Peer 1: 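Structure provided below as structure tokens; questions to follow.
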Amino acid sequence: MFILRNYSIALLFITPLALLMVRLGHPQPAGPMLEARVLETAIGVVVGLALVLGRYARERRSATAG
């Protein structure tokens, strides 16, 4: 429930904690894991923005047409 309401806080604090816990169980370099996480987050941001902007443009078009 906390993560649903405060995703930005979870992204900044809980996610690195989870990555460090994985590293305890299976030691490996942190760099590639962090790079992958940043890339996945950036892809998520781009997809989310595209969806929001696409919906906004569609609603604006329908408002001006009707």
Side-chain angles (χ1 to χ4, degrees):
M1 187 59 94
F2 177 79
I3 293 175
L4 290 175
R5 291 193 60 197
N6 302 298
Y7 186 73
S8 60
I9 293 172
L11 187 64
L12 293 174
F13 296 105
I14 296 173
T15 300
L17 179 63
L19 291 174
L20 289 173
M21 288 173 51
V22 168
R23 190 165 182 221
L24 287 174
H26 183 64
Q28 58 182 332
M33 252 193 328
L34 292 175
E35 288 173 10
R37 180 64 183 167
V38 168
L39 179 63
E40 291 168 2
T41 301
I43 291 170
V45 167
V46 168
V47 169
L49 283 174
L51 291 173
V52 168
L53 293 175
R55 183 176 176 117
Y56 174 75
R58 186 171 41 135
E59 287 177 2
R60 190 168 178 192
R61 251 186 280 130
S62 67
T64 58

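These numbers come from a predicted model, not from an experiment.
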Peer 1: Taking transitive links into account, so neighbours of neighbours count too, which hydrophobic residues share a cluster with Val45 at under 4.5 Å side-chain distance?
Peer 2: Leu49
Peer 1: Please examine the side chains of Leu17 and Met21, heavy atoms only from C-beta on, and report whether any two atoms are closer than 4.5 Å.
Peer 2: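 With C-beta onward as the side chain, the pair touches.
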Peer 1: Hey, could you give me the CZ/CZ distance between Arg58 and Arg61, rounded to the nearest 0.5 Å?
Peer 2: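 Those atoms lie 8.5 Å apart.
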